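Here is how names work: the chains are called A, B, and so on, in the same order as the sequence lines, proteins then strands, and each is numbered from 1. Here the structure is a predicted model, which means the values were calculated and not measured.
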Amino acid sequence: MSAPRLRFAPSPSGYLHIGGARTALFNWLWARSQGGSFILRIEDTDQERSSLDSVRAILDSMKWLGLDWDEGPEVGGPHGPYFQSERKALYREATETLISRGLAYRCYCTKEALDAQRAALKERDPKAQFVYPGTCRDRTDTPDQPFVVRFKSPESGSTDFVDKVFGAISTPNASQQDFVLVRTDGYPLYNLAAVVDDHAMGITLVARGRDHIGNTPQQVLLYRAFGWEPPEFAHLPMMLSPKGDKLSKRNADVGVQDYRDRGYPAMGVLNYLVRFGWSLGDREIFSRSELIRAFGWDRVGKADGKFDDKKFADVAFEHLKQPELTGLDDYAAWAAPFLERRGLASPEPARLRAAIPLVRERARTLAEAAEMLDYFFRPEPELDPKAAAKALGPGAAEVLGELAEALRGVEPWEGSALEEATRRHVEARGLALKDVAQPARVAVTGRAASPPLFDVMSVLGREQTLHRLARAAGKA
RNA sequence: GGCCCCAUCGUCUAGCGGUUAGGACAUCGGCCUCUCACGCCGGUAACCCGGGUUCGAGUCCCGGUGGGGUCGCCA
């Protein structure tokens with residue numbers, strides 16, 4: 001079998017949300033694992049709702065996630081253009097073919113008339129479903145009026161396809177109505193455009209959310225009407241909100257960019273998303289390359305699920321925590337914007353590299369990391385009043401002064417030597433380590449909690465450490 | 001309501017006829033400890049219900065119940 005061609009086809013009517021990102025991911029993974037192609041196509045046939053801002057936001061999010069595309073906006077490709085709004089000629093040609101074969105027809109019923117009928121029916125019986133009555137199905141005249149194009153659905157038999165996730169799905173044709181292919185304004189509707197493009201672009205597998213499963217029979221019908229072989233289909237179970245309802249694009253805080261802004265690493269996001277509906281035994285954490293190697297449709301589940309913030313945060317954290325998953329350089333680069341946000345625009349690189357190992361197992365996001373890194377890059381730490389009140393009370397001045405003296409000549413200025421010196425000092429004074437460590441911690445970091453004190457001192461250096469101890473002693 | 005789909009701890013899931021039903025998150029204890037974390041040890045916690053098939057069903061079949069999707073000149 002030749003290399004598969006997959007696509008992700010968002011409509012630019014808002015930001016990319018995590019549900020969409022998950023769909024993109026599954027397509028991307030399969031393309032990458034099979035040496036196939038991943039195509040990005042923008043479905044902007046609804047002029048009302050589409051915007052360039054949305055296109056930009058979607059492309060940004062895709063790039064941030066590392067879901068690179070082989071054909072599509074910005075990179076082009078042999079099957080372009082990749083915006084549906086620029087492919088109208090294709091749809092028109094396809095539509096005419098269908099009409100000339102008697103498989104589609106022009107319908108002159110106005111939307112208003114149909115809507116009125118629908119409303120009237122609902123009034124009589126709220127549970128009834130409105131079905132297009134086929135008014136124009138066999139019409140032969142061609143009045144000079146606006147029209148839509150409808151597909152002439154078969155009235156008997158069934159339309160079947162085999163889904164790579166759900167297996168055989170059969171839908172009676174009698175339950176299909178003559179759905180609209182082309183609007184009054186000449187723009188194609190989703191089912192027509194998707195089929196024409198997927199065929200033209202040589203798509204071999206269409207993977208999308210389960211909410212599209214009902215479109216599939218209609219699309220299969222269209223493939224047959226054109227005389228084309230349908231692609232394979234794979235539908236993904238839905239990712240619902242924590243409450244159990246549909247994740248909505250309007251739900252601004254589930255946008256990919258929201259997660260980026262909150263300081264989650266891209267691979268953390270992807271790792272959570274892939275494990276949602278796909279699993280490999282007990283394995284939870286995957287690097288990008290491991291994922292590409294491991295992914296397969298046979299291990300995709302069928303049941304919908306609810307998004308879980310805590311689990312998500314943990315998976316993302318796992319990626320920040322493990323140096324094998326997030327190298328020092330990446331960590332530093334990713335933390336930089338969050339430090340900048342705190343007014344720390346150009347942290348000294350060597351110190352940053354030294355400090356990251358101290359915070360990476362404590363910071364659950366890059367935003368938290370920046371907060372924990374803060375005092376390494378200021379002349380003076382910001383003093384937490386509560387911590388100061390508790391640890392820098394009476395007697396602290398003496399404790400800190402003595403500690404500074406005990407540490408002044410320590411060689412080398414490094415964690416274990418500092419700890420050793422401090423323990424000797426504390427023992428000689430008949431104190432407990434914590435009696436000295438807490439005041440010192442607040443003096444050096446400004447806070448009641450920090451990475452191990454002596455490691456912090458080590459990164460801070462002799463001069464700044466002694467300076468901070470002395471300054472705090474002066475204040476206390 | 002029509003059509004389609006789904007069903008294991010609170011959540012994500014493993015399980016593919018015989019298991020003390022496993023893991024992860026969350027939660028509750030404990031250990032480690034200069035604080036905070038990390039890590040480690042342990043606890044609570046699930047097969048929706050009813051019929052079949054079978055020597056034996058979480059696993060296979062049927063029905064019910066529950067949940068979801070979809071029924072647009074949105075995608």
Side-chain angles (χ1 to χ4, degrees), chain A residues 9-13 43-46 48-50 107 109-111 114-115 118 125-131 146-150 163 166-167 169-172 174-177 179-185 187-191 193-194 208-217 235 237-240 242 244-246 249 272 275-285 299 301-315 317-318 321 358-364 372 387 391 419 422-423 426 432-438 440-442 445 447-454:
Chain A
S11 78
S13 56
E43 309 222 319
D44 57 347
T45 54
D46 188 337
E48 296 273 303
R49 303 184 201 205
S50 300
C107 168
C109 302
T110 64
K111 186 179 193 316
L114 259 18
D115 285 347
R118 199 190 324 265
D125 177 6
K127 287 179 179 172
Q129 68 160 333
F130 176 72
V131 181
F147 60 87
V148 300
V149 179
R150 285 184 186 272
D163 190 276
F166 288 97
I169 293 178
S170 177
T171 309
S175 68
Q176 305 280 2
Q177 48 180 315
F179 53 93
V180 176
L181 260 18
V182 182
R183 311 200 279 197
T184 316
D185 64 8
Y187 274 88
L189 251 15
Y190 171 70
N191 280 136
R208 77 246 280 205
R210 187 173 65 75
D211 47 338
H212 283 292
I213 223 163
N215 284 134
T216 311
H235 289 91
M238 308 224 73
M239 186 160 71
L240 275 11
D245 37 52
K246 202 174 175 182
K249 217 174 259 189
Y272 178 78
R275 280 284 291 104
F276 200 104
W278 174 85
S279 63
L280 189 68
D282 286 344
R283 285 212 55 186
E284 300 266 3
I285 304 300
R299 302 203 59 90
K302 301 175 179 180
D304 296 343
K306 299 174 191 158
F307 186 89
D308 187 276
D309 288 300
K310 295 260 180 58
K311 179 74 173 180
F312 170 84
D314 183 74
V315 171
F317 179 35
E318 211 59 48
K321 195 164 59 192
L358 302 188
V359 305
R360 84 180 318 154
E361 70 188 28
R362 276 163 253 270
R364 299 182 69 82
M372 292 178 185
E419 176 165 2
T422 304
R423 285 188 188 278
V426 159
L433 181 57
K434 66 171 189 282
D435 298 331
V436 171
Q438 268 319 89
R441 184 186 321 282
V442 176
T445 70
R447 306 168 187 194
S450 80
L453 178 62
F454 307 106

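For the pair A/D163 CG and B/rC3 P, the computed distance is 20 Å after rounding to whole Å. Summarising the geometry, the separation between CG on A/L189 and P on B/rC73 is reported as 7 Å, rounded to the nearest angstrom. Atom CZ of A/R118 is separated from atom P of B/rC71 by 11 Å (rounded to the nearest Å). Distance, A/R183 CZ to B/rG72 C1': 10 Å, rounded to whole Å. Rounded to a whole Å, the NZ atom of A/K111 is 6 Å from the C1' atom of B/rC73. When the C1' atom of B/rG69 is taken as reference, atom CZ of A/F166 falls 10 Å away, rounded to whole Å. Computed from coordinates, the A/L114 CG to B/rC71 P distance equals 15 Å when rounded to whole Å. For the pair A/Q176 CD and B/rG2 P, the interatomic distance rounds to 16 Å; values are reported in whole Å.
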Atom pairs under 3.5 Å: protein N/O with N/O of nucleotides 29-34 of chain B:
unit_1	atom_1	unit_2	atom_2	d
B/rC34	OP1	A/R423	NH2	2.8
B/rC34	O2'	A/R441	NH2	3.3
B/rC34	O2	A/R441	NH2	2.5
B/rC34	N3	A/L453	N	3.4

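Here B/rG72 is the nucleotide among B/rU11, B/rA37, B/rG72 with the atom lying nearest to any side-chain atom of A/R49. For A/D211, whose side chain is taken as the heavy atoms from C-beta onward, the closest listed nucleotide among B/rG69, B/rC74, B/rC3 is B/rG69. Of the candidate nucleotides B/rU35, B/rC4, B/rG39, B/rC4 has the atom lying nearest to any side-chain atom of A/I169. In this structure, the nucleotide among B/rA37, B/rC25, B/rA75 sitting nearest to the side chain of A/E361 is B/rA37. The nucleotide whose nearest atom lies closest to any side-chain atom of A/R364 is, among B/rA75, B/rG23, B/rC38, B/rC38.
Distances shown here put every side-chain N or O of A/R275 at or beyond 4.0 Å from the OP1 or OP2 atom of B/rU13. Taking 4.0 angstrom as the limit, A/Q177 places a side-chain polar atom (N or O) nearer than this to OP1 or OP2 of B/rG72. The side chain of A/S279 places an N or O atom within less than 4.0 Å of a non-bridging phosphate oxygen (OP1 or OP2) of B/rA14. The phosphate of B/rC74 (OP1 or OP2) has no side-chain N or O of A/S11 nearer than 4.0 angstrom. At the phosphate of B/rU70, OP1 or OP2 sits under 4.0 Å from a side-chain N or O atom of A/K246. An OP1 or OP2 oxygen of B/rU11 is reached within less than 4.0 angstrom by no side-chain nitrogen or oxygen of A/K311.
Counting atom types as modelled, A/E284 pairs a side-chain N or O with a base atom of B/rG23 as donor and acceptor under 3.5 Å. Judged by distance alone with a 3.5 Å cut-off, no donor-acceptor contact links the side chain of A/D304 to the base of B/rG68. Side chain A/T184 to base B/rC73: a donor-acceptor pair is found below 3.5 Å. For A/N215 and B/rA75, a side-chain-to-base donor-acceptor distance below 3.5 Å is present, hydrogens and geometry of angles not being considered.
Among the heavy atoms of the strands, none lies under 4.0 Å from A/H235. If you check every strand for non-hydrogen atoms under 4.0 Å, A/S450 touches a base. Within the 4.0 angstrom heavy-atom criterion, no nucleotide atom of any strand lies near A/R208. Using a 4.0 Å heavy-atom criterion, one finds that A/G277 contacts the sugar-phosphate atoms exclusively. Using a 4.0 Å heavy-atom distance criterion, A/V148 is classed as a base contact. In this structure, A/T422 reaches neither bases nor backbone, as no heavy-atom distance under 4.0 Å exists between it and the strands shown. Across all strands, A/S170 comes closer than 4.0 Å only to sugar-phosphate atoms, never to a base (heavy-atom distances).
Taking both residues in full, the closest heavy atoms of A/R183 and A/D46 are given as NH2-CA, 3.8 Å, listed atom of the first, atom of the second, then distance. When all heavy atoms of A/D163 and A/F166 are compared, the closest pair comes out as OD1-N, 2.9 Å. Between A/D309 and A/P242, the shortest heavy-atom contact is OD2-CG, 4.2 Å. Of all the heavy atoms in A/A303 and A/P237, the pair that sits closest is O-CB, 3.3 Å.
Of the nucleotides present, B/rG30 is the one that pairs with B/rC40 by Watson-Crick or G-U wobble criteria, both distances under 3.5 Å. Base pairing annotation: B/rC74 forms no Watson-Crick or G-U wobble pair, as no partner gives both donor-acceptor distances under 3.5 Å. Within the shown strands, B/rA7 is the pairing partner of B/rU65 under the Watson-Crick or G-U definition, both distances less than 3.5 Å. The partner of B/rC47 is absent, by the rule that a Watson-Crick or G-U pair needs both atom distances under 3.5 Å. Using N1 to N3 plus N6-O4 or O6-N4 for Watson-Crick, or N1-O2 and O6-N3 for G-U wobble, each under 3.5 Å, B/rA21 pairs with nothing.
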Please lay out, stage by stage, how A/R210 and A/D304 fare under the test side-chain contact (heavy atoms from CB on, under 4.5 Å). CA-CA 9 Å; A/R210 187 173 65 75; A/D304 296 343; 2.5 Å; yes
Apply side-chain contact (heavy atoms from CB on, under 4.5 Å) to A/I285 and A/V315, showing your working. CA-CA 7 Å; A/I285 304 300; A/V315 171; 4.2 Å; yes
Do A/T216 and A/H235 pass the side-chain contact (heavy atoms from CB on, under 4.5 Å) test, and can you show the C-alpha distance, the side-chain angles, and the key distance before you say yes or no? CA-CA 10 Å; A/T216 311; A/H235 289 91; 3.1 Å; yes
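No salt bridge links A/D314 with A/K311; every basic N to acidic carboxylate O contact stays at or beyond 4.0 Å.
The gap from the C1' atom of B/rG50 to that of B/rG10 amounts to 27 Å, rounded to the nearest Å. Atom name P, nucleotides B/rG68 and B/rC12: the rounded distance is 14 Å, in whole Å. The gap from the C1' atom of B/rA21 to that of B/rU8 amounts to 8 Å, rounded to the nearest Å.
The aromatic rings of A/F312 and A/Y272 lie perpendicular to each other, with more than 60° between the two planes, well past the 30° mark.
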